[in-house]
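A short worksheet on the structure shown next.
So that the names make sense, note that chain A is the first sequence line, chain B the second, and so on, each numbered from 1. When reading the values below, keep in mind they use all heavy atoms of this one structure, side chains included, and skip hydrogens, waters and symmetry mates. None of these values were measured; they are calculated from a predicted model.
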There are 2 protein chains.
Amino acid sequence: MSTPQTSTSQTARSTLTRARVLASAVALADREGVGALTMRSLARELGIEAMSLYHHVASKEDLLDGVTDLVVQEIQAAVAGIEPAPEDTPPSDWKHALRRRILTARSVLLRHPWAPAVLETRTGFSPHVVRYHDALVALLRRGGLSYDLVHHAMHALGSRALGFSQELFDPSGPGGDPAPTADDEALLARMADEAPHIVAMLAEVAHEDPESTLGWCDDQTEFEFGLDLILDGLERLAQREAR
Amino acid sequence: MSTPQTSTSQTARSTLTRARVLASAVALADREGVGALTMRSLARELGIEAMSLYHHVASKEDLLDGVTDLVVQEIQAAVAGIEPAPEDTPPSDWKHALRRRILTARSVLLRHPWAPAVLETRTGFSPHVVRYHDALVALLRRGGLSYDLVHHAMHALGSRALGFSQELFDPSGPGGDPAPTADDEALLARMADEAPHIVAMLAEVAHEDPESTLGWCDDQTEFEFGLDLILDGLERLAQREAR
DNA sequence: GGGCCTACCTTACGGCGTAAGGCTTACAGC
DNA sequence: GCTGTAAGCCTTACGCCGTAAGGTAGGCCC
């Protein structure tokens, strides 16, 4: 053992680490949804027994914390790849910089459709989640907004800051799978009695915009609409604050 | 047994119905959180066995569907109590009417702190949820907005239409219980390294607004801020549309 | 070499949703 | 009144889940 290199027994080829456990968990959730992410299934994926996982994560909650943090880390990496740090962006550009960051975050989440649902159940302060939001705060501050307005802005954005917004009644479950179920028309017909205005609205919107996502609404378009609504409102408040 | 009155054996006093099951489930969730709402615990509450519940609900999913629908029904009742139907409100008042409806919905949800988390997991079309949204659509339509703008508006509001918005990292878990945990300062100190801007913001905001909820942010104020931001933006778009 | 630590495994517990089937009671038609 | 049928409730049991408790085998330091 004169050489200080890391040991080399038969387990060295695939020593388990927390990072490997978390990466495997993300892969499994991507492939089969969070519902299929159990301690036993994750262990099977890694070729070990369920209880061995507890040497690398404290509990299932801790596992989910780590998994969401990993996804947000991926978001941060994507954001860092496309634009300079907040300190180096022109202050006047805060709205477009913020918008770009958020849409980039969204593009990452689209690769992990289960992540929003898990994120919403996390109450702790995952390191990368905090860092991500800290960068947003820095961006807005450099844009000249008061801390008070920045604070309101963060609350107004809510989960939109990370690139998603929960849609009530979305026929595709939280597991992703946006397949348009083809019986949408039957559903609308059944709803016609108790929701005539919604049905009329959907009929007209679908007619005016036939190339949107089949039958149901185009998430990306709607997300951007809501995001811009908020950003424009914030910009107006910022301008009023500045003068 | 000559009298045709409803029978009188020992079980007649408290015949179970779906409505009674759902009401009990809401009460139990209010008291002990959704986590404590299991088929067995609910049966215990009703003095029956778990499997007997399946004569009134198809599954646990169906139970949760019914429970959320009951809460939204409560919202509708509260809304109906404070203001006229959409057909009878002056069209020009749409913004204030919408605001009042939403804040009323929120006041009901504050009595059922577990409800937002459950609502977000429902992907179906609960009757009362649909009816509630239909009334909002009617209100906006009568205000002169195009179906297209109404459609965008509903998506922009998202869960805010029902009176809640998920806050990422909220130290109080989804079970309610907004007790400020008193180690907030320790938490902030730990965060100072990786989130200096957030810490600075919170320090200043807390200083400027000491009478807000202890240590953490005032949900109601922030909710109204975000809501008004969206409503004002919609109003501006509606005015642009009208001319 | 003895003791300790780390990583992994084995076994087992209690709780969950619910499938399958049995028992009792109420009522309709003869 | 007798009987078939159905509803309402119960009993038992299965296969999941997270995880507590404890065992074992190899590598490290004294």
Side-chain angles (χ1 to χ4, degrees), chain A residues 1-25 28-29 32-67 114 117-118 121-122 173 175, chain B residues 1-25 28-29 32-67 114 117-118 121-122 173 175:
Chain A
M1 199 55 78
S2 56
T3 60
Q5 71 183 24
T6 53
S7 80
T8 56
S9 79
Q10 94 275 20
T11 62
R13 199 191 85 255
S14 62
T15 300
L16 227 47
T17 62
R18 177 175 233 261
R20 271 171 43 83
V21 167
L22 296 182
S24 243
L28 193 127
E32 305 179 25
V34 274
L37 175 56
T38 70
M39 299 306 268
R40 289 177 225 261
S41 68
L42 177 55
R44 202 177 314 123
E45 173 113 343
L46 287 162
I48 60 171
E49 297 300 312
M51 290 308 292
S52 302
L53 291 169
Y54 286 85
H55 283 272
H56 304 99
V57 298
S59 63
K60 173 124 194 220
E61 282 292 288
D62 184 39
L63 175 71
L64 291 178
D65 281 346
V67 153
W114 48 271
V118 178
T121 67
R122 304 296 90 197
Chain B
M1 199 61 76
S2 56
T3 59
Q5 70 183 20
T6 54
S7 81
T8 56
S9 77
Q10 91 274 25
T11 62
R13 202 191 81 256
S14 61
T15 301
L16 228 46
T17 62
R18 176 174 234 262
R20 270 172 43 83
V21 168
L22 295 182
S24 243
L28 188 96
E32 306 180 25
V34 274
L37 175 57
T38 70
M39 300 305 268
R40 289 176 224 263
S41 68
L42 177 56
R44 202 178 312 124
E45 172 114 342
L46 287 163
I48 61 170
E49 297 300 314
M51 289 309 293
S52 302
L53 291 169
Y54 286 85
H55 284 271
H56 304 99
V57 298
S59 63
K60 174 128 195 217
E61 282 292 289
D62 183 41
L63 174 72
L64 291 177
D65 280 347
V67 153
W114 47 270
V118 179
T121 67
R122 303 298 89 197

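B/Leu28 approaches B/Ala36 most closely through the heavy-atom pair CD2-O, 3.5 Å. In terms of heavy-atom proximity, A/Arg18 sits nearest to A/His56 at NE-O, 3.3 Å.
Regarding B/Leu42, its CG atom lies at a distance of 13 Å from the C1' atom of C/dG17, rounded to whole Å. In this structure, A/Leu64 places its CG atom 13 Å from C1' of D/dC17, rounding to the nearest Å. The interatomic distance linking A/Leu63 (CG) with D/dC17 (P) rounds to 14 Å, in whole Å. In this entry the distance linking CG of B/Leu53 with P of D/dA7 reads 18 Å, nearest Å. We find that CD1 of A/Ile48 is positioned 14 Å from C1' of C/dT10, with the value rounded to whole Å.
Taken to the nearest 0.5 Å, the CG atom of B/Leu53 stands 11.0 Å off from the NZ atom of B/Lys60. The CE atom of B/Met39 sits 10.0 Å away from the OG atom of B/Ser52 when rounded to the nearest 0.5 Å. Put simply, CG on B/Asp62 and CG on B/Leu22 are 8.0 Å apart, with the number rounded to the nearest 0.5 Å. With values rounded to the nearest 0.5 angstrom, A/Ser24 atom OG is found 10.5 Å from A/Leu63 atom CG.
Put simply, B/His56 has a side-chain N or O that comes within less than 4.0 Å of OP1 or OP2 on D/dC9. Phosphate contact (OP1/OP2 of C/dC9, side-chain N/O of A/Ser52, threshold under 4.0 Å): present.
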When you compare the protein's N or O atoms with those of nucleotides 18-22 of chain D, which come within less than 3.5 Å of each other, and at what distance?
residue, atom, partner, partner atom, Å
D/dG18, OP1, A/Lys60, NZ, 2.7
D/dG18, OP2, A/Met39, N, 3.0
D/dG18, N7, A/Arg40, NH2, 2.6
D/dG18, O6, A/Arg40, NH2, 2.7
D/dT19, OP2, A/Tyr54, OH, 2.8
D/dT19, OP2, A/Lys60, N, 2.9
D/dT19, O5', A/Tyr54, OH, 3.4

